[in-house]
Amino acid sequence: MKVEIKTSPSLYPSPLVLVTAIDSEGKANIITLTWAANLCSKPPIIGIGVGSESYSCNLIGESKEFVVNIPPTKLLPEVEFCGETSGKDVDKFARTKLTPIPSKKVKPPAIKECPMNIECKVLQQIKLGMQDLFLGEVIAVQVDKDILDEKGEIDFKKTMPIIYNIGEYWELGEKIGSYGITKGKI
């Protein structure tokens, strides 16, 4: 039997990402987000939800660029720090000792310690209430060579992503199949 519960954001789990942004003078910032999703494949578009009153929301809104960095589980303390601290007051790169590296096509830096860095140009900013939704077209992706399989494709298990599940942190489990496993079976 199903029961109705209080309305809330109920689509879980979510990827935990570090998003980098930059101000007009070149100072970079990092924000932790659980509001991130693939929204379109052609062109590739990622959506991120950023607190409307946050420092990062202003940076992304002004620069129209951001980088989605996929942190591995070993960075959980740094990830949590970046989500609890405002970059307006603290240099998060200096405090966490994360390394900014040049992006290929946008001004905000990528994070070296993250095995995947997804560079985006803002197509649209939509005010939703407490958050602004940024629709970012993916214009470049950088990955560590050691997360690629023998075919040159990303082995997502090797990225060791952090999964957020309503106040808890999880890691990726075992693969249970591949696209098309039901073809001709149902």
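None of these values were measured; they are calculated from a predicted model.
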Quick one: does [X]'s side chain have a donor or acceptor within less than 3.5 Å of a partner on [Y]'s backbone?
{"X": "Ser103", "Y": "Lys105", "answer": "no"}
{"X": "Thr159", "Y": "Phe156", "answer": "yes"}
{"X": "Lys104", "Y": "Glu119", "answer": "no"}
{"X": "Lys64", "Y": "Gly61", "answer": "yes"}
{"X": "Asn69", "Y": "Ile111", "answer": "yes"}
{"X": "Asp149", "Y": "Gly152", "answer": "yes"}
{"X": "Thr20", "Y": "Pro109", "answer": "yes"}
{"X": "Asp23", "Y": "Glu25", "answer": "yes"}
{"X": "Tyr55", "Y": "Asn58", "answer": "no"}

Please check if the number of heavy atoms outside [X] that lie under 6.0 Å from its [atom1] is greater than 12.
{"X": "Lys107", "atom1": "NZ", "result": "no"}
{"X": "Lys127", "atom1": "NZ", "result": "yes"}
{"X": "Lys27", "atom1": "NZ", "result": "yes"}
{"X": "Lys112", "atom1": "NZ", "result": "no"}

Looking only at heavy atoms, which two atoms of [X] and [Y] are closest? And how far apart?
{"X": "Val106", "Y": "Phe66", "value": "CG2-O, 4.5 Å"}
{"X": "Gly51", "Y": "Cys57", "value": "O-CB, 3.1 Å"}
{"X": "Val17", "Y": "Ala36", "value": "CG2-CB, 3.9 Å"}

May I ask you to test the Ile118-Ile46 pair for a side-chain heavy-atom distance under 4.5 Å?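 When only atoms from C-beta onward are counted, Ile46 and Ile118 do touch, with a gap below 4.5 Å.
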Can we say Glu113 and Lys74 salt-bridge, meaning some charged N sits less than 4.0 Å from an Asp/Glu carboxylate O?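 The answer is no: the pair does not qualify as a salt bridge.
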Carboxylate-amine/guanidinium contact Glu65 Lys121, below 4.0 Å: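 Yes, this pair counts.
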